[in-house]
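Just so it is clear, the model here is predicted, and its values are computed rather than measured.
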Amino acid sequence: MTRLQLRGMPDELHLPPPGPRVCDAVMERAGQHPDRPAVICGDDTLSYGELAAAALPLARELSTDGRYAGSRRIGIRSHRTVSTVALALGVSLSGRSFVFLNPEAPDGVARHIRSSSGVSVVLDPRTGERVTYPRADAEPAAAPAPEDEAYVLYTSGTSGRPKGVSVSHDNLAASNAARLTVYDGFGTPVFLLLSPFHFDSSVAGIWGTLAAGGTLVVAGEDERRNPRALVGLVARHGVTHTLTVPSFYTELLHTVREDDRLAGDLASLRLVICAGESLTRGVIDQHFALLPAVSLGNEYGPTECTVWSTCRVYDKPAEPTIGFPVPGTAVHLLDGHLREVPPGEVGQIAVSGVGVTRGYVGDEAETRARFVEVEAEAGRTVRVYLTGDLGRWSDRGGLEFVGRLDNEVKIRGVRVHLETIEEALAAHPGVQSAAVAYDTGTSVCYAFAVKEPGAEVDAASVRRFVTEALGAAVVPDRILFADTLPRSAHDKIDRAALLASVRTAVPKSTAGDGLADQVAQAWEQILGVPVRQGETGTFFDLGGNSLTVLKLSRALGKIVGRPVGVKQVYRCGTIPQQVDLLTRS
């Protein structure tokens, strides 16, 4: 029986023997329930028997075809299809590991990931195409053996470049076994997958569902950002479990609260899990006000510890904490000398146990810096991962997340250093200097830029520049211009003062009472920036994103007294286009 460690160094971890590979457990389920739906996406469904039938030929080919003899890792373009899951299963059964590749990643990022991971073959689940790449820059042969490694998952690259985390079959099996144990009381899952496949939270949905013999419902690319569409998926497929970031879940709750008819469509839900961002008391209260019979989970854990390290499950409103270590895991709070802090003190969260991975692919220096041995009782040592997060043990329900040691934040679930964004902003030819501040209370990221003298630069051009450099996921929500950047007494950028300036600023509205003016007012309220008369840019040029467009969809619906689809708002980005959208019969 696994003993949970609530604090300090573990005397020992009482763990069951390592289980089989998770892919083998999925195949066992296929033998037991071949006709049960395994994966659903849109109009496509694979039963467990069909999933196995799709995966096995690929596994045999990779194992026997000499063309793949040197292909230790196989890339898979992470399109949202049922075939993507079948490919991952086939690669796993072959004894090789898979690397999910974001098909929308900038070219430079994609090349870095292929090169650093040594991927020479990339499978496309949509077309069936297999693309080969030269291996001149592949990682050295000293990398983990393929039979030990299940997959490599790339983090968002807080230092400016994505880092590949090597996850073993033992890591995955232990993490999955803990998941099945913690959530055993919620029954066989029908899991709605919202995360992109190349995010580590997808591991919880894919393998946690299939190893349990459940059904994985993959939301389509358009559906996963659309609360109304997701409510429809829950009702259509009888979804019982899902996982999302708290900021998006807030939008879904808003949508349901504004239309009483939708609440009944969520009757099948048993468990909603929040992860990837800090869960606030406001979200907890909203959840139970609308869905009092549905449990709410809060998971915490870095990719380097195989998806999750701690968890708390709420059955009623309470103050937010990140809970207790999951089975097979221990949490330690350490000071600057890597010694345990006294009870009640704040320390860096360090994680040990079977979920802690071997480290970063092709980056021994970073692996040594973050995966370290710390002294335990009686002269023993234990290997831990230093998260860089700060925590404190609480009597209110486990571990409190206090903040970051550095300026790393999560924007829409993606980890990034504020300095990385600032460097990209400052590289714009029209920007003299820049600072980025993140408001943890509202989950809004602000960029403040000082223009070069005489430069003609606007927020839209800066946004495009940062998107090209870093990708769209980490572009700040709002880009504002300032004459100077405030400094602290130590001559550092005063981010608190920057946030205070936007919290107290009231946009000077130029809008009137006409339909165009009402749309402009909605933009101002949602984006927090003034909208000029005759604005010709798009909602996204002024800082809109996949989260704020949901708010705009609701606001436009209020203006005309009927629902306005998110997909329509995406297509109609300017004020005139949205006015035309609202006036259509």
Side-chain angles (χ1 to χ4, degrees), residues 15 18-26 71-76 78 84-85 87-102 113-114 116-119 139 142-158 162-180 193 195-211 243 275-276 299-310 326-329 351-364 366-368 370-371 383-387 415:
L15 299 172
R21 298 180 306 174
V22 173
C23 59
D24 297 325
V26 175
S71 301
R72 182 169 47 211
R73 298 184 179 116
I74 307 297
I76 301 174
S78 56
T84 303
V85 179
L87 291 178
L89 179 60
V91 172
S92 294
L93 292 170
S94 75
R96 287 159 172 76
S97 64
F98 61 85
V99 184
F100 278 137
L101 304 173
N102 179 5
I113 291 176
R114 290 196 304 267
S116 62
S117 65
V119 163
E139 85 170 28
E147 61 266 27
D148 295 332
E149 185 180 85
Y151 62 88
V152 175
L153 195 144
Y154 276 78
T155 69
S156 47
T158 60
K163 295 180 293 187
V165 178
S166 173
V167 181
S168 72
H169 284 288
D170 282 346
N171 293 147
L172 177 56
S175 177
N176 219 48
R179 184 166 299 278
L180 298 182
L193 182 68
S195 309
F197 285 114
H198 53 276
F199 277 33
D200 73 337
S201 53
S202 71
V203 174
I206 298 170
W207 304 109
T209 299
L210 296 179
L243 183 154
E299 293 185 4
Y300 162 84
T303 302
E304 292 84 348
C305 298
T306 318
V307 186
W308 67 335
S309 302
T310 70
V326 300
T329 295
V351 180
S352 66
V354 289
V356 177
T357 60
R358 66 188 78 219
Y360 302 111
V361 170
D363 195 339
E364 290 298 323
E366 186 69 9
T367 298
R368 288 193 299 269
R370 301 299 293 270
F371 297 81
R383 183 174 182 264
V384 304
Y385 171 71
L386 302 175
T387 66
R415 292 188 294 171

Rounded at 0.5 Å granularity, tell me how far [atom1] in [X] sits from [atom2] in [Y].
{"X": "H198", "Y": "T84", "atom1": "NE2", "atom2": "OG1", "value": "11.5 Å"}
{"X": "R21", "Y": "L93", "atom1": "CZ", "atom2": "CG", "value": "6.0 Å"}
{"X": "N176", "Y": "T209", "atom1": "CG", "atom2": "OG1", "value": "9.0 Å"}
{"X": "K163", "Y": "S116", "atom1": "NZ", "atom2": "OG", "value": "12.5 Å"}
{"X": "E299", "Y": "W308", "atom1": "CD", "atom2": "CH2", "value": "5.0 Å"}
{"X": "L89", "Y": "F98", "atom1": "CG", "atom2": "CZ", "value": "9.5 Å"}

With distance as the sole criterion, is a donor-acceptor pair present between the side chains of T306 and S175 under 3.5 Å?
->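 Distance-only check fails for T306 and S175.
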Sole candidate of V119, L153, I74, V91 that passes side-chain contact (heavy atoms from CB on, under 4.5 Å) when paired with V99 =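 Looking at V119, L153, I74, V91, the match for V99 under the side-chain contact (heavy atoms from CB on, under 4.5 Å) is V119.
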Dump the intermediate steps for salt bridge (Lys or Arg N to Asp or Glu O under 4.0 Å) on R358 and E149, then the final yes or no.
-> CA-CA 10 Å; R358 66 188 78 219; E149 185 180 85; 5.0 Å; no
Hey, does the side chain of S92 reach the backbone of C23 with a donor-acceptor pair shorter than 3.5 angstrom?
->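 Side chain of S92 to backbone of C23: no pair is present.
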Look at the side chain of R73 and the backbone N and O of S117, then say whether any donor-acceptor pair between them is shorter than 3.5 Å.
->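 Yes, because the side chain of R73 sits within donor-acceptor range (under 3.5 Å) of the backbone of S117.
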Over 60° means perpendicular and under 30° means parallel, so classify the ring planes of F100 and F197, tilted if in between.
->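 Aromatic pair F197/F100 classed tilted.
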If you look at every heavy atom in [X] and [Y], which pair is closest and at what distance?
{"X": "Y151", "Y": "V307", "value": "OH-CG2, 4.5 Å"}
{"X": "N171", "Y": "T357", "value": "OD1-CA, 3.5 Å"}
{"X": "R179", "Y": "A204", "value": "CZ-CB, 3.3 Å"}
{"X": "A150", "Y": "L172", "value": "CB-CD2, 4.2 Å"}

Evaluation steps, side chain to side chain contact (heavy atoms under 4.5 Å, CB included), between D200 and V167 | CA-CA 11 Å; D200 73 337; V167 181; over 6 Å; no
May I have the step-by-step check of side chain to side chain contact (heavy atoms under 4.5 Å, CB included) for V351 and V356, ending in yes or no?
-> CA-CA 7 Å; V351 180; V356 177; 4.2 Å; yes
With heavy-atom distances below 4.5 Å as the criterion, would you say the side chains of [X] and [Y] are in contact?
{"X": "S202", "Y": "L193", "answer": "yes"}
{"X": "Y360", "Y": "V165", "answer": "yes"}
{"X": "D170", "Y": "V354", "answer": "no"}
{"X": "L101", "Y": "Y154", "answer": "no"}

Between R370 and E304, is there a salt bridge with N-O shorter than 4.0 Å?
->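 A salt bridge is absent here (no side-chain N lies under 4.0 Å from a carboxylate O).
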